[in-house]
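The structure appears below as structure tokens.
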There are 2 protein chains.
Amino acid sequence: MELDFKKMGGLIPAIVQDVNTKEVLMLGFMNVEAWEKTLKISKVTFFSRTKSKLWTKGESSGNFLHVKEAFIDCDNDTILIKAEPQGPTCHTGSTTCFYNKVETIK
Amino acid sequence: MELDFKKMGGLIPAIVQDVNTKEVLMLGFMNVEAWEKTLKISKVTFFSRTKSKLWTKGESSGNFLHVKEAFIDCDNDTILIKAEPQGPTCHTGSTTCFYNKVETIK
């Protein structure tokens, strides 16, 4: 059970789910360093593709995602983190980043 | 609310969550065609990066993911699909692809 960063060009998608409500909160990408820091400090840390640096979610807003459990998928290229959110996850103030519902579903 | 495929190099991560149990089942990538087909047939359809073609989950196993709701995140680069799974989602026979727990969480 080793994450296959190489297959993914260095960046693996990491889903964050609320450990209590089971709501999916956000998705970000992690490189090896982001993943190792996430495990070390128990706060979700991504690699920001726009800023090209590590980004611990909440470092500016205070709205950290405290890691409670983590899972790796069957082909070792996706991470699922169950976390306890400190405050709203989305920068818009919403609990989750997934608040835009697609209305075209039959 | 328009998915920004361009920003993502043509491929957007799509999380699939069980609409009833709220368990996260799998993650795949969609290009424009996969997203449009998913909406059209109401079955989760990915773009297979290994096979370079559309892949409707369940087309060989019969274990389709029937789309019930879909959401787009705040910056239009991730999809969350709430689906009703027909059978186990993982090719290993597991309900979810996320069955490998990381044991190093403090």
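Throughout, a chain's letter reflects where its sequence line sits, starting with A, and its residues are numbered from 1. In this text, all values refer to a predicted model and were calculated from it rather than measured experimentally. Atom set for the values below is all heavy atoms of this structure, side chains included, hydrogens, waters and symmetry mates excluded.
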For chain B, which residues of residues 50-64 of chain A have heavy atoms nearer than 4.5 angstrom: none
Quick check on B:Asp75 against chain A: is it the side chain, the backbone, both or neither that has a heavy atom closer than 4.5 Å? neither
Side-chain heavy atoms nearer than 4.5 Å, only ILVMFWY residues, links allowed to pass through others: does that put B:Val102 and A:Val19 together? no
What is the distance from atom CD1 of A:Ile15 to atom CG of B:Leu27, rounded to the nearest 0.5 Å? 4.5 Å
Within a strict 4.5 Å, meaning less than it, do heavy atoms of the A:Asn100 and B:Phe71 side chains meet? no
Nearest 0.5 Å, please: how far is OG1 in A:Thr21 from NZ in B:Lys22? 5.5 Å
Side-chain heavy atoms under 4.5 angstrom apart, residues restricted to Ile, Leu, Val, Met, Phe, Trp, Tyr: same cluster for A:Phe29 and A:Val32? yes
Assert top hit (heavy-atom pairs under 4.5 Å, partner chain A, pool B:Lys7, B:His91, B:Met8) equals B:Met8
When clusters are formed by joining ILVMFWY residues with side-chain heavy atoms under 4.5 Å apart, either directly or through shared neighbours, do B:Leu39 and B:Val44 land in the same one? yes
Give the interface residues of residues 79-89 of chain A toward chain B, defined by a heavy-atom separation under 4.5 Å. A:Ile79, A:Leu80
Taking the side chain as every heavy atom from C-beta outward, state whether B:Arg49 and A:Asp77 have any atom pair closer than 4.5 Å. yes
Of the listed residues (A:Thr92, A:Thr38, A:Thr78), which shares the most heavy-atom pairs with chain B below a 4.5 Å separation? A:Thr78
Bottom line for A:Thr96: the part with an atom under 4.5 Å from chain B's heavy atoms is neither
